[in-house]
Amino acid sequence: MKQGAASNMESGTAIYRHREWRGLRDTAYDFTKWAQLWVILIRWALAHPAQNVKAVLRYRWMFSYLCVPSFFDRLCAGHRGAGLRAARLNLNHMVKDVTDTLTTIFSADGHLHPGSRKAAEKSKRIICFDELLPTLLGKGFPNCETLLFQMYPMFLPSLINQHSGVHYISQTELYGLPADVCPLPSFEAGLAIEDDYPKIGCCMVTSNMPCDGSIMTTMLQDRRTGLPTQPLNVPLRWKREEVQDYAVAEILSAITFLEEQTGETFDWDALKAACEVWNEQQRAKFEKWEFNRTDLPPHTGASVWLYRVFEHQVACGDPDALKNDRKVNAILQKQVAARKCPKSIRHRAVVWSTPANNYPNFNNWLLDCWGIESVCEMFDIHGTGLIDTSSRESMLYGLADMIETSTMRAHTKGGYEVMLFDLWEKVKEYRADMIVMYDQISCKGVGAINGLFEEGARQRGIPMCRVRQDLLDPTSISRRDMRNDVNLFMQTVMNETPLDPSLVEFDDNESW
Ligand code: SF4
């Protein structure tokens, strides 16, 4: 019989046969938080049972949310001590926020409540934002709720269930749109074609972020939603001084649009209060980066970068998220001070480029199978500025910087040097001894500088393992293919044997 972590997985689905044994204290902690997760989910389901059942039957993507407990278990695989606690706290905090938002969405949704005046009234108070626009700007409209339009039907399901995007991507291709576009905008386009976005909101603020594929899909969404729409354009060369006035003018124009659509007056004091909370969230994040620069990185992986994406886009300026940050940091600080490291680390890696949504627990596997610790990830380190709240003008410039350094956008735009030079800096800062480079085959902008990454790594003598992936389409590159790229590199280039041989080869193609 197979020994090691893989012996606890069902063949094909890689679903755990039983809960992971992590020692008495950690297993008990993990179990408690897992039970807490179920309480949150059951409470949410029972609060509006008819509406939630309707949503599951109406929206194909809603099925993915049924896999959340298993998804969280995968993200916590192998974690012990402070890392386990931080992961569970982050994930349970997110699930509370997401379930509340789903209730807001479904109670205003014209698809679930056709002809309902109550739903229509609720919709009037909802502002829709493109998912890459942080909601911080929306805090200036405290009587309205700002929601990221594609986050709940697309981005989150694509992480929870690797197959969630396949149907929608196929629909986009059947519709006649190019098959070689990145699966993220393709998934978004498929949702519009299938009419699977909730029918909500009084207006929509779109953006040109992160890339051309995303701009294309906005057109299709616009046709489907029919909402009054305003693009908030973000400069491509976002590091340059001379484009900042344009960035601020775009924000001001969006504010005027939102005032017209909502009938509300922009509340600068509310924005200031939210920016100050955001600054504290940023400081908490800087502290986390500092912990991972030590010899004892306490918390790494998708429960870190996913939470960062969530905080930067959704929970920016949210005091509850800040409370969670402080709790997590206290736990991490304690472990670092005690000089404990409950994991086997052989390599400190900088993980660069966009991670694969269809394999968010890839970091757990890197560590458990090969001892590769992801001390720094590109997806986790975007946005390093604080917002100066001393005047409206300074706040606008700070906000412009925050939007410009949004998820994925901060590194993929601004000129090739942003992504390239930052990599070498992070290798130094985090004292990394290897790079794991995602080769997102559909991300053409990044693909264009692959050679520069290779050349730079060779000149610096730092081993760089390339991992092919297709963001959220497992039909072109599977999780197993991604693991094989690492296995081959570790065996041939690094000449190493795995920490856990059972994890080198296993089948999880049918997994969520
Ligand atoms: S991964 Fe690349 S191509 Fe895909 S949405 Fe992001 S920036 Fe665009």
Side-chain angles (χ1 to χ4, degrees), residues 129-134 148-151 153-159 162 164-166 168-169 172-173 177-192 206-221 231 233-239 302 305-306 308-309 312-313 351-360 362 377-383 403-420 422-423 436-450 452-453 466-477 482:
F129 267 24
D130 180 274
E131 67 164 341
L132 286 171
L133 278 176
L148 299 183
F149 192 62
Q150 306 90 347
M151 178 65 84
M154 189 281 294
F155 189 77
L156 293 175
S158 73
L159 290 156
Q162 65 168 332
S164 63
V166 175
Y168 294 106
I169 293 167
T172 303
E173 290 173 17
L177 291 166
D180 62 344
V181 78
C182 170
L184 187 146
S186 198
F187 190 163
E188 289 181 358
L191 282 160
T206 61
S207 93
N208 57 343
M209 297 193 291
C211 61
D212 51 347
S214 192
I215 296 168
M216 176 213 74
T217 183
T218 303
M219 282 187 323
L220 286 167
Q221 290 170 51
N233 292 308
V234 183
L236 289 177
R237 295 278 171 172
W238 63 268
K239 286 217 157 188
W305 63 251
L306 175 55
R308 171 63 172 170
V309 172
H312 195 274
Q313 307 302 120
V351 181
W352 216 240
S353 202
T354 312
N357 289 30
N358 67 309
Y359 199 180
F362 182 61
E377 288 206 53
M378 192 188 89
F379 229 48
D380 182 48
I381 56 155
H382 55 96
I403 296 174
E404 286 161 356
T405 54
S406 190
T407 305
M408 196 154 40
R409 194 30 149 71
H411 283 95
T412 63
K413 296 292 169 290
Y416 77 94
E417 62 274 16
V418 178
M419 196 169 172
L420 187 69
D422 210 24
L423 170 61
V436 174
M437 175 65 71
Y438 285 118
D439 184 1
Q440 209 281 67
I441 57 162
S442 311
C443 191
K444 296 170 190 73
V446 179
I449 56 170
N450 274 343
L452 296 177
F453 287 129
R466 302 189 68 88
V467 181
R468 289 163 304 138
Q469 51 107 337
D470 200 8
L471 203 64
L472 41 86
D473 185 357
T475 60
S476 50
I477 296 170
M482 290 172 65

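Both ligands and their constituent atoms are indexed starting at 1 by order of listing.
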Trainee: At under 4.0 Å between heavy atoms, which part of Gln440 makes contact with ligand 1: side chain, backbone, both or neither?
Mentor: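 Answer for Gln440: side chain.
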Trainee: May I ask you to check whether His382 and His411 place their ring centres under 6.0 Å from each other?
Mentor: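 They do not qualify: ring centres at least 6.0 Å apart.
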Trainee: So, Thr218 side chain and Ser214 main chain: donor-acceptor pair closer than 3.5 Å or not?
Mentor: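 Pair found, side chain donor or acceptor close to backbone of Ser214.
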Trainee: Are Asp470 and Ser442 linked by a side-chain donor-acceptor pair shorter than 3.5 Å?
Mentor: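 There is such a pair between these side chains.
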Trainee: Is a salt bridge present between Asp439 and Arg466, judged by a nitrogen-to-oxygen distance below 4.0 Å?
Mentor: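 Counted as a salt bridge, because a side-chain N and a carboxylate O are separated by less than 4.0 Å.
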Trainee: From Cys211, does some N, O or S atom reach closer than 2.8 Å to atom 4 (Fe) of ligand 1?
Mentor: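 Coordinating: no.
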Trainee: Does ligand 1 have any atom sitting under 4.0 Å from a heavy atom of Ser214?
Mentor: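 No, that is not the case, since the closest heavy atom of the residue is not under 4.0 Å from the ligand.
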Trainee: Can you check side chain to side chain donor-acceptor pair (under 3.5 Å) on Glu131 and Gln313, steps first, answer last?
Mentor: CA-CA 7 Å; Glu131 67 164 341; Gln313 307 302 120; over 6 Å; no
Trainee: Name the closest protein heavy atom to atom 2 (Fe) of ligand 1, giving the residue it belongs to and the distance to 0.1 Å.
Mentor: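 For atom 2 (Fe) of ligand 1, the nearest protein heavy atom is Cys443 SG, 2.3 Å.
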Trainee: Write out the residue and atom name of the closest protein heavy atom to atom 3 (S) of ligand 1, then the distance separating them to 0.1 Å.
Mentor: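 For atom 3 (S) of ligand 1, the nearest protein heavy atom comes out as Cys182 CB, 3.4 Å.
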Trainee: Atom 6 (Fe) of ligand 1: which of Gln469, Met408, Met209, His411 has the nearest heavy atom?
Mentor: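 When every heavy atom of Gln469, Met408, Met209, His411 is considered, Met408 comes closest to atom 6 (Fe) of ligand 1.
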